[in-house]
Amino acid sequence: MLDLRLIRRDPDAVRSALARRGPQVADSLDRVIALDARWREATQAAEGLRAEQKAASERVAAGKREGRDVGGELDRLKLVSGEVKALGEQARGADGELQELLRTLPNLPDPTAAEPDDEVLRIVGEATRRDGGRDHLELAGERIDMERGARLSGARFAYLRGDLAMLELALVQWALTKLRGHGFEPVIPPVLVREQALYGTGFLPDTEQQIYHLPADDLYLVGTSEVALASIHAGEILDAAQLPLRYAGFSPCFRREAGAAGRDTRGIFRVHQFDKVEMFSFVEPDAGKDEHERLLAIEEEILGELELPYRVVNIAVDDLGASAAKKYDIEAWLPGQGRYRELTSTSNTTDFQARRLEIRARGESGKPEILHTLNGTAVAVGRTLIALLENGQRDDGSIALPAVLAAFGAPAELPAAVT
RNA sequence: GGAGGGGUGGCAGAGCGGUUGAAUGCACUGGUCUUGAAAACCAGAGUCCGUGAAAGCGGAUCGCGGGUUCGAAUCCCGCCCCCUCCGCCA
């Protein structure tokens with residue numbers, strides 16, 4: 001949610017920032033401004049009359065106490081009451097329209113968000129097997145069981161079996177341990193949430209066709225634990241001295257992938273359910289940019305220790321999503337596809353989510369202030385497994401695994417798939 | 001799933017439909033007193049919106065949203081949450 005006061009104070013700056021997301025977005029802003037003016041006018045009229053009504057009402061109360069006849073006053077007040085109601089109705093109507101429209105406006109992009117295209121910031125590590133290697137499905141064999149997964153649940157579902165199941169748990173345990181060392185509190189959140197949590201994080205209205213809905217209970221399956229982590233402090237006024245607050249969520253993630261038909265259909269690159277360790281930070285407004293770089297640095301540290309070649313991309317304004325002001329993706333080199341593909345993503349959502357979720361902090365000034373939130377992928381398990389398999393593959397089909405995982409229960413290496 | 005009870009300020013806890021934004025206690029912040037502290041006494045504190053340069057002024061807020069009424073923390077309806085008992089259950 002954008003700051004209405006900022007819109008009033010500096011509409012031109014907001015308009016030109018929004019214009020980077022497209023002309024129709026900037027047009028909505030003008031309607032917001034008009035509705036706001038209408039609302040303020042109606043509100044002021046309603047509140048003025050309401051003040052009179054209250055004063056008169058107190059006179060009636062006093063009169064009754066003293067045993068005076070207040071019949072005439074009451075008749076007059078009945079008329080006032082009707083007017084107050086009508087004016088209040090007008091104000092509420094304008095406010096309703098205003099809020100509805102305001103909810104559809106995306107966050108203001110950061111001046112340094114890329115435009116018009118994604119910008120590759122750096123390439124780290126050597127992209128191996130540029131001529132193509134085996135892909136993760138060939139390498140995994142029945143350790144990734146798509147056929148039986150499909151028989152059970154349909155397309156884009158898989159069983160992870162044997163060593164890969166253990167490898168997944170090792171990755172998760174390793175990541176959570178590492179993040180804890182970086183000051184993140186490990187959290188296992190609910191994955192079924194109310195609509196409010198999705199509005200609060202900006203996934204609604206925006207990505208409705210991605211989200212599983214359980215109508216019998218009116219609950220939604222989250223596509224990322226970001227939804228639950230952001231809401232952990234919803235409605236709270238935090239002590240600024242406690243900030244930053246950092247959480248590492250581990251959860252399954254569910255995505256309908258409607259509209260992605262035919263895309264990335266092979267293997268577990270794009271599936272309906274996967275596990276993910278997610279970082280989430282609550283920070284003071286002026287600490288947001290540094291925190292974003294920090295999250296990116298942790299993501300790079302993780303990929304580095306996993307010995308995966310990658311590149312860092314500053315995502316273009318059109319691909320930011322509603323809540324992000326700026327977003328970095330890290331794309332790992334996948335020999336099986338012969339290209340870099342998204343493995344992690346970190347967004348600075350500034351005050352956009354915090355305002356919707358009413359998360360504030362009280363600092364030196366004593367005034368509660370909307371804080372800033374950021375999120376970033378630590379380990380998207382499925383895609384990380386793909387990258388580990390494809391980059392670790394040897395000519396004989398066996399797979400070398402990074403040393404850091406062994407201490408967390410991962411096999412030292414994976415034998416070639418039986419064919 | 002069935003049957004009850006309840007949600008009031010940071011906490012505890014009052015509140016016949018009419019100066020109740022809300023008693024009282026604790027906690028908190030200033031001040032007086034004191035060498036200092038404690039105690040005591042006095043005063044002040046929430047949040048949100050509008051207006052204003054500011055002081056201030058006005059409105060909203062007793063889980064949330066509607067309704068009744070000249071007037072609602074108090075009455076009615078819907079929703080959310082918490083608790084107790086029974087049933088079921090990893």
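Just so it is clear, the structure is predicted and the values come from calculations on it, not from any experiment. The sequence lines fix the lettering, A, B, ..., with proteins before strands; numbering per chain opens at 1.
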Quick one: sort the A/Tyr247 and A/Phe282 rings into parallel, tilted or perpendicular, breaks at 30° and 60°. perpendicular

Flag the pair A/Lys327 / A/Asp118 as yes when at least one side-chain heavy-atom distance between them is below 4.5 Å, and no otherwise. no

Does B/G18 have OP1 or OP2 sitting under 4.0 Å from an N or O in the side chain of A/Arg59? no

Phosphate-side-chain proximity, A/Arg360 and B/U47, N/O vs OP1/OP2 below 4.0 Å: no

Side-chain contact check for A/Pro368: nearest option of B/U47, B/C49, B/G67 is B/U47

Which nucleotide in the list B/U19, B/G67, B/G59 gets nearest to the side chain of A/Glu58? B/U19

With a 4.0 Å cut-off, would you call [X] and [Y] a salt bridge?
X: A/Arg8; Y: A/Asp36; value: yes
X: A/Arg362; Y: A/Glu369; value: no
X: A/Arg246; Y: A/Glu291; value: yes
X: A/Glu257; Y: A/Arg255; value: no
X: A/Arg20; Y: A/Glu115; value: yes

How far, in whole Å, is [M] from [N] if one measures between their [atom1] atoms?
N: B/A22; M: B/C81; atom1: P; answer: 32 Å
N: B/C41; M: B/C57; atom1: C1'; answer: 33 Å
N: B/G25; M: B/U32; atom1: P; answer: 23 Å
N: B/A72; M: B/C83; atom1: C1'; answer: 27 Å
N: B/G46; M: B/A60; atom1: C1'; answer: 14 Å
N: B/G10; M: B/G6; atom1: P; answer: 23 Å
N: B/A14; M: B/C48; atom1: C1'; answer: 26 Å
N: B/A90; M: B/A3; atom1: C1'; answer: 26 Å

Interatomic distance, A/Thr377 atom OG1 to A/Ile330 atom CD1 [nearest 0.5 angstrom]: 8.5 Å

Report the distance from atom CZ of A/Arg341 to atom CG of A/Asp329, rounding to the nearest 0.5 Å. 11.0 Å

Please state how far atom [atom1] in [X] lies from atom [atom2] in [N], giving the value in whole angstrom units.
X: A/Arg355; N: B/C48; atom1: CZ; atom2: C1'; value: 14 Å
X: A/Ile237; N: B/G10; atom1: CD1; atom2: C1'; value: 11 Å
X: A/Arg9; N: B/G50; atom1: CZ; atom2: P; value: 12 Å
X: A/Arg92; N: B/G50; atom1: CZ; atom2: P; value: 18 Å
X: A/Asp95; N: B/A60; atom1: CG; atom2: C1'; value: 12 Å
X: A/Leu238; N: B/G46; atom1: CG; atom2: P; value: 19 Å
X: A/Glu41; N: B/G59; atom1: CD; atom2: C1'; value: 17 Å
X: A/Glu369; N: B/U47; atom1: CD; atom2: C1'; value: 16 Å

Syn or anti for B/U61, with syn set at within 90° of 0? syn

Taking syn as a glycosidic torsion within 90° of 0 and anything else as anti, which one is B/A37? anti

Any-strand Watson-Crick or G-U partner of [N], both distances under 3.5 Å:
N: B/A38; result: none
N: B/C85; result: B/G2
N: B/U47; result: B/A60
N: B/A55; result: none
N: B/A14; result: none

Is there any protein nitrogen or oxygen under 3.5 Å from a nitrogen or oxygen in nucleotides 51-55 of chain B, and what are the pairs?
from, atom 1, to, atom 2, distance (Å)
B/U51, OP1, A/Arg40, NH1, 2.6

Summarise how protein sits on nucleotides 70-80 of chain B as a single string, 5' to 3': B when a protein heavy atom is under 4.0 Å from the base, S for sugar-phosphate-only contact, - for no contact. BS--------S

Comparing A/Lys54 with A/Lys367, nearest RNA chain B nucleotide closer to 5' gives the residue A/Lys367

Identify whether NZ of Lys or CZ of Arg in A/Arg383 sits under 6.0 Å from the centre of the six-membered ring of A/Phe274 and within 45° of that ring's axis. no

Six-ring centre of A/Tyr220, A/Arg194 cation under 6.0 angstrom, axis tolerance 45°: no

Is there a side-chain hydrogen bond (donor to acceptor under 3.5 Å, both in side chains) between A/Glu226 and A/Gln353? Walk through the geometry before answering. CA-CA 11 Å; A/Glu226 172 191 343; A/Gln353 297 179 332; 2.8 Å; yes

